[in-house]
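Below is one structure; the comments refer to it alone.
Naming: A, B, ... by sequence-line order, numbering from 1 per chain. Note that the structure is a prediction, hence the values are computed from the model and not measured.
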Number of protein chains: 2
Amino acid sequence: MGRFLGKFDYSVDSKGRVNIPAKFRKALRPEAGDVFVICRAPDGCLRAYPNDLWEQYEAEINSRPETKENSRLKRLIFNSVTDSTLDSQGRITLTPALMAIAGIKKEVVLLGQSRYIEIWEPTRYDEYLGAGEDFDEVFYKSVETMMGNK
Amino acid sequence: MGRFLGKFDYSVDSKGRVNIPAKFRKALRPEAGDVFVICRAPDGCLRAYPNDLWEQYEAEINSRPETKENSRLKRLIFNSVTDSTLDSQGRITLTPALMAIAGIKKEVVLLGQSRYIEIWEPTRYDEYLGAGEDFDEVFYKSVETMMGNK
DNA sequence: CATGCTTCCCCACAATTACCCACAATTACC
DNA sequence: GGTAATTGTGGGTAATTGTGGGGAAGCATG
């Protein structure tokens, strides 16, 4: 319970609304109160955090020393952060600013990442996954050790 | 108890449902809650992990620092992960995406791998076993490698 | 105060999925 | 070896899900 698994392809309607898979809605803890916090993430995608998890993340950021670098990171993050409550059909709404950052137009990929959800523009997503080492290489290099030992 | 042994040939119906051998269902620990997590595995097959085992794996991934490399690994893994609960007849459901990855159409081979189950397309499975070094070679080589490293 | 624009809430509908039942073949058991 | 339970496979139906759009309720603007 409380985990997001699976890849889903959805469309964005003219109002910027994006469906959240029923599976993910069921995985949402009641503490999150049907609220997602959406922010920009590395490699050109967005992340939707359940509200309760975001609060932990926010606390962690605030606890960092206020160096020049941390201040800049904080401003970059908060510049595009938006919270969105699920509507009665189970959708969230993306702001134009968020869509611009991720290059999202009419289609999105939703990627369950266990504790949060990533939102990608489909083409950008395919290019990201296609670049670099392929699955078997990465698997044998990094995963096998751990899976084998436990 | 709690181990999957044996090779089974089953069919995939029009809804993507695949039977799980009664023997495997009995071996499933109650902590798994009749849930399997199915993901892509090396050499063109799939793996079905009992939920409790998968959760250990997931926790380990989540504990890693968010480096560029780890992020990519995480996305590659989660890209093809789906969880499936046994239905009332003891079957799991494969998504079209998973079937495409493994080249599965109408038939599958289920291979008990002690802690998890591998799912293969029959032809691909036979070719994999037939190609490359034979049993004796691999066996002795593997033992020697272990001796050398210890 | 009226007008336009946006935001939210509700309704509608096609497609998909989950749940249930059925049945033949196999296996277990006495 | 015969009978009863279990197992593997298929399909039908009802509920859910994904998607779109309409209309009321705010909020700024002229």
Non-hydrogen side-chain atoms of A/N19 and A/R25 separated by less than 4.5 Å = yes
Could you give the CZ-to-P distance, from A/F8 to D/dT16, as a whole number of Å?
-> 18 Å
Look through every strand shown and name the nucleotide pairing with C/dC10 as Watson-Crick or G-U wobble, where both distances are under 3.5 Å.
-> D/dG21
Between CZ of B/R91 and C1' of D/dG11 the distance, given in whole Å, is 10 Å
Does a nitrogen or oxygen in the side chain of A/K23 sit under 4.0 Å from OP1 or OP2 of D/dT16?
-> no
Any side-chain N or O of B/S14 less than 4.0 Å from the OP1 or OP2 oxygen of D/dT9?
-> no
Rounded to whole Å, the CG-C1' distance (A/N19 to D/dT16) equals 12 Å
Between A/F135 and B/R40, is there a cation-pi geometry (under 6.0 Å to ring centre, at most 45° from the normal)?
-> yes
Taking only the side-chain nitrogens and oxygens of B/Y10, find out if one of them lies under 4.0 Å from OP1 or OP2 of D/dT9.
-> no
Base, sugar-phosphate alone, or nothing: which one does B/T93 contact when heavy atoms must sit under 4.0 Å apart?
-> nothing
How long is the line joining CG of A/L94 and P of C/dC8, in whole Å?
-> 13 Å
Which nucleotide sits closest to the side chain of B/R17: D/dT19, D/dT7, C/dC19?
-> C/dC19
So which nucleotide from C/dC8, D/dG11, D/dT17 ends up closest to the side chain of B/K15?
-> D/dG11
Residues from residues 98-106 of chain A lying under 4.0 Å of DNA chain C - heavy atoms = none
C/dG4 pairs with, by Watson-Crick or G-U criteria that keep both distances under 3.5 Å | D/dC27
Length of the line joining B/D83:CG and C/dA18:P, which is rounded to integer Å = 11 Å
Phosphate contact (C/dC9 OP1 or OP2) by A/S88 side-chain N/O below 4.0 Å = no
Specify whether B/F36 and B/F4 have parallel, tilted or perpendicular ring planes, treating 30° as the upper limit for parallel and 60° as the lower limit for perpendicular.
-> tilted
Side-chain heavy atoms of B/L5 within contact of B/K23, under 4.5 Å = no
For B/R25 and D/dG8, is the shortest distance between a side-chain N/O and OP1 or OP2 below 4.0 Å?
-> yes
Could you state the atom-to-atom distance from CZ of B/F24 to P of D/dT7 in whole Å?
-> 14 Å
What do you reckon, are the aromatic ring centroids of B/F24 and B/F8 less than 6.0 Å apart?
-> yes
Which nucleotide, D/dG10, D/dG8, D/dG18, lies nearest any side-chain atom of A/P21?
-> D/dG18
Do the ring planes of A/W54 and A/F78 sit parallel (below 30°), tilted (30 to 60°) or perpendicular (above 60°)?
-> perpendicular
For C/dA28, which nucleotide in any strand shown is its Watson-Crick or wobble partner with both distances under 3.5 Å?
-> D/dT3
Salt-bridge criterion met for A/R3 and B/D83 (N-O under 4.0 Å) = yes
Please walk me through it: do B/R75 and A/D43 pass salt bridge (Lys or Arg N to Asp or Glu O under 4.0 Å)?
-> CA-CA 11 Å; B/R75 287 172 184 139; A/D43 303 308; 2.9 Å; yes
Can you give one letter per nucleotide of nucleotides 23-30 of chain C, 5' to 3': B if a protein heavy atom sits under 4.0 Å from the base, S if only from the sugar-phosphate, - if neither?
-> --------
Do B/E118 and B/W120 meet the criterion of a side-chain donor-acceptor pair at a distance under 3.5 Å?
-> yes
Separation of B/D87 atom CG from D/dG8 atom C1', in whole Å?
-> 11 Å
A/R47 with B/E66: basic N within carboxylate O range, under 4.0 Å = yes
Nearest-Å distance, NZ (A/K26) to P (D/dT16)?
-> 9 Å
